[in-house]
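Below is one structure, written out as structure tokens; the observations come after it.
Note that these values count all heavy atoms, side chains included, but never hydrogens, waters or copies made by symmetry.
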Amino acid sequence: MRFPLCHSPSACRLSNIVPMSNGLSYLVWFRKGLRIHDNPALEFASKGSEFMYPVFVVDPHYMEPDPSAFSPGSTRAGLNRIRFLLESLEDLDCSLKRLGSRLLVLKGDPGEVLVRCLKEDYASSVGIEVFSPVSHTLFNPSDIIRENGGRPPLSYQSFLKIAGEPSCERSELVMSYSSLPPVGDTGNLDISAVPNIEELGYRDDEQDERTPFIGGETEALKRLDESMRDEAWVADFEKPKGDPSAFLKPATTVLSPYLKFGCLSSRYFYQRIQSIYKSVKKHTSPPVSLLGQLLWREFFYTAAFGTPNFDKMKGNRICRQIPWNDDHEMLVAWRDGKTGYPWIDAIMVQLRKWGWMHHLARHCVACFLTRGDLFIHWENGRDVFERLLIDSDWAINNGNWMWLSCSSFFYQYNRIYSPITFGKKYDPDGKYIRHFLPVLKDMPKQYIYEPWTAPLSVQTKANCIIGKDYPKPVVCHDSAGKECRRKMSEAYALNQKKNGQVGDEDLRNLRRKLEKDEHDESMTRKQRSKLN
């Protein structure tokens with residue numbers, strides 16, 4: 001294959017990249033656009049070319065097993081997400097084959113592999129032009145940042161005001177093709193088919209339960225059609241009213257994994273929602289509407305694109321500096337679903353087994369880990385989510401963890417999700433807990449959210465002795481929540497006093513003060529107990 005060149009403007013790094021030729025052949029590098037429909041890079045490459053080379057590079061850092069990780073998977077991703085990606089690639093390959101093409105799978109560091117491809121065909125001797133259209137998002141984040149004076153808007157409402165309507169509002173998207181240019185001579189390149197789990201070095205039985213969500217464009221469009229079929233549901237969708245305990249039939253679209261991998265076009269999703277809005281008498285509005293959820297994604301992408309160190313507390317100008325606890329034992333108890341709070345533990349077990357849970361369930365466990373109970377750094381929770389979620393998206397994951405820890409965007413730290421009463425109002429019988437924590441399946445419903453309060457006779461009858469078969473609570477929620485509020489108050493006061501310029505020494509001093517205050521309070525409680 002040979003790549004003479006043509007020129008097209010480069011746009012946004014968030015979408016597929018297409019090194020191109022002068023009309024003879026094109027190399028399409030599939031990255032975050034694993035689909036045929038509304039793929040501007042594929043559309044461009046399909047026009048007037050003799051050959052087209054659809055390429056995906058399997059990065060060993062992302063895919064190969066890491067036996068030292070806390071869950072099956074690689075150094076970067078859990079097995080659920082790796083499997084979801086492979087299913088998406090297999091589906092893409094099938095779609096390409098139906099159109100007279102196929103997916104060329106290469107292995108290695110993506111940058112090095114692409115350079116090797118181009119050297120193989122002498123393209124590098126005359127230079128390379130790149131066409132990288134904005135297609136993973138509705139807006140180009142750099143445009144919004146420029147409109148906002150060089151900085152990203154840091155509130156949802158200000159983002160909406162600046163962003164306006166996306167260009168796809170009036171665009172006709174290319175959804176299908178009758179055929180695509182064939183693949184030409186691939187020279188000496190080591191090309192393979194889409195690998196399966198075993199070929200990557202995993203055992204097929206490494207997980208006791210797989211995610212029920214199948215990867216790929218075909219499944220994405222099917223799920224989208226099913227969601228859009230109920231126009232009343234779409235029109236009335238209101239995020240705070242979803243049921244986080246619904247698992248056999250989730251209370252959301254579960255389209256986030258497909259948007260993450262680009263199996264579903266966000267622009268097409270936007271158009272489908274708008275089409276329904278135009279056909280109904282009334283509908284909910286952002287931020288709580290279904291369209292509003294899609295725009296939250298855009299908000300976090302823009303904030304992440306324009307904020308250095310967005311994935312860290314230190315050096316991140318929009319993140320409050322807080323002296324979080326460093327307690328590995330507590331972190332592992334949370335991560336492994338062993339906190340002693342069934343609602344929290346069931347959510348974390350669902351995350352490990354399915355790679356997904358409802359957004360309100362995510363809110364609960366994130367609050368519990370950080371400002372609600374354990375006061376552990378949001379970066380630790382972010383890392384667990386980043387590994388285990390099939391829809392893990394760098395910008396959204398970091399943005400939400402800062403939000404839910406009240407480190408940025410949201411500052412009402414006194415509002416804490418109860419690990420007992422929040423789930424109970426949705427699922428008083430504890431069906432969700434019984435499914436994901438079968439050790440508690442026979443616990444009477446009056447104790448299912450607080451099994452440590454059950455009399456020993458009840459625990460014995462339920463075949464679940466607390467402290468033996470299921471852990472005791474790692475903290476007392478009421479006292480832990482009170483302590484977290486006090487620590488957050490002190491940290492906020494320090495950030496305000498220092499006008500956001502909080503250094504390492506400031507945090508160390510505050511941590512020492514908080515520890516002393518906590519010790520003094522503990523001694524006071526003991527003295528009161530003796531007097532009583």
**Study point:** Sole residue of Tyr417, Tyr341, Trp343 in ring-ring contact (aromatic ring centres under 6.0 Å, His included) with Phe368
**Key:** Tyr341

Check your understanding: So, Thr75 side chain and His61 main chain: donor-acceptor pair closer than 3.5 Å or not?
Key -> yes

Point to revise | Taking every non-hydrogen atom, the tightest pair across Thr307 and Pro152 | key: OG1-CG, 3.8 Å

Exercise for review: Check whether any side-chain N or O of Asp427 sits under 3.5 Å from a backbone N or O of Gly423 as a donor-acceptor pair, and report yes or no.
Suggested key: no

**Study point:** Full working for side-chain contact (heavy atoms from CB on, under 4.5 Å) between Asp91 and Leu34
**Key:** CA-CA 9 Å; Asp91 185 67; Leu34 306 183; over 6 Å; no

Review point. Does atom CD of Glu329 have more than 12 heavy-atom neighbours, drawn from other residues, nucleotides or ligands, at distances under 6.0 Å?
Key: no

Revision key, fill the gap. Nearest heavy-atom approach of Lys314 to Asn309 is O-CB, 4.1 Å

Check your understanding: Between Tyr470 and Gly340, which heavy-atom pair has the shortest distance, and what is it?
Key -> OH-C, 3.3 Å

Point to revise | Aromatic contact, Phe436 with Phe247 (centres under 6.0 Å) | key: yes

Point to revise | Leu79, Leu351, Asp383 screened by side-chain contact (heavy atoms from CB on, under 4.5 Å) with Leu388, the one that passes | key: Leu351

Review point. What pairs of residues pass the salt bridge (Lys or Arg N to Asp or Glu O under 4.0 Å) test when at least one of them lies in residues 236-264, not counting sequence neighbours?
Key: Glu238-Lys241

Check your understanding: Of the options Phe159, Phe300, Trp296, Trp401, which is the one that meets Phe409 in a ring-ring contact (aromatic ring centres under 6.0 Å, His included)?
Key -> Phe300

**Study point:** Glu518 bridged to Arg486 by N-O distance under 4.0 Å
**Key:** no

Check your understanding: Does Arg320 make a cation-pi contact with Tyr411 (under 6.0 Å, within 45 degrees of the axis)?
Key -> yes

Review point. Salt bridge between Asp66 and Arg76, side-chain N to carboxylate O under 4.0 Å?
Key: no

**Study point:** Derivation and outcome, side-chain contact (heavy atoms from CB on, under 4.5 Å), residues Phe237 and Thr253
**Key:** CA-CA 11 Å; Phe237 183 93; Thr253 63; 5.8 Å; no

Exercise for review: Apply side-chain contact (heavy atoms from CB on, under 4.5 Å) to the pair Asn463 and Asp469, showing each step before the final yes or no.
Suggested key: CA-CA 8 Å; Asn463 296 310; Asp469 303 305; over 6 Å; no

**Study point:** Interatomic spacing from CG in Leu295 to OH in Tyr270 - rounded to 0.5 Å
**Key:** 7.0 Å

Practice item. Dump the intermediate steps for salt bridge (Lys or Arg N to Asp or Glu O under 4.0 Å) on Arg272 and Asp225, then the final yes or no. Key: CA-CA 9 Å; Arg272 290 289 298 271; Asp225 286 342; 3.0 Å; yes

Review point. Any luck finding a side-chain donor-acceptor pair between Gln459 and Tyr447 under 3.5 Å?
Key: no

Practice item. Mind listing the closest non-hydrogen atom pair of Pro60 and Asp109 along with its distance? Key: CD-N, 4.4 Å

Exercise for review: Would you please name every residue forming a salt bridge (Lys or Arg N to Asp or Glu O under 4.0 Å) with Asp38, sequence neighbours left out?
Suggested key: Arg267

Exercise for review: Establish, yes or no, whether a centroid distance under 6.0 Å links the rings of His363 and Phe422.
Suggested key: no

Practice item. Take Leu92 and Phe261, measure what side-chain contact (heavy atoms from CB on, under 4.5 Å) needs, and give me the verdict at the end. Key: CA-CA 12 Å; Leu92 175 62; Phe261 282 105; over 6 Å; no

Check your understanding: Does any N or O in the side chain of Glu386 come within less than 3.5 Å of the main-chain N or O of Asp393, such that one atom is a donor and the other an acceptor?
Key -> no

Practice item. Fit a plane to each ring of Trp394 and Phe310, take the angle between them on a 0 to 90° scale, and name the class: parallel (under 30°), tilted (30 to 60°) or perpendicular (over 60°). Key: tilted

Practice item. Check whether any side-chain N or O of Gln321 sits under 3.5 Å from a backbone N or O of Met313 as a donor-acceptor pair, and report yes or no. Key: yes

Point to revise | Distance-only side-chain donor-acceptor flag, His377 / Asp326, under 3.5 Å | key: no

Review point. Between Lys513 and Asp517, is there a side-chain N and carboxylate O pair less than 4.0 Å apart?
Key: yes

Exercise for review: Describe, in one word, how the ring planes of Tyr156 and Phe299 are oriented to each other, choosing from parallel (under 30°), tilted (30 to 60°) and perpendicular (over 60°).
Suggested key: perpendicular

Review point. Looking just at side-chain N and O atoms, do Arg387 and Ser71 make a donor-acceptor pair shorter than 3.5 Å?
Key: yes

Point to revise | Nearest non-hydrogen partners of Pro451 and Met443, listed with the distance | key: CB-CE, 4.0 Å

Revision key, fill the gap. Here the pair of heavy atoms bringing Arg81 nearest to Ser392 is NH1-CB, 3.6 Å

Exercise for review: For the pair Glu298 (side chain) and Phe139 (backbone), establish whether a donor and an acceptor sit closer than 3.5 Å, ignoring hydrogens and angles.
Suggested key: yes

Review point. Just checking, Arg335 and Phe70: is the charged tip under 6.0 Å from the six-membered ring centre and within 45° of the axis?
Key: yes

Practice item. Check for a donor-acceptor pair, side chain of Asn39 on one end and backbone N or O of Gly33 on the other, with a separation under 3.5 Å. Key: yes

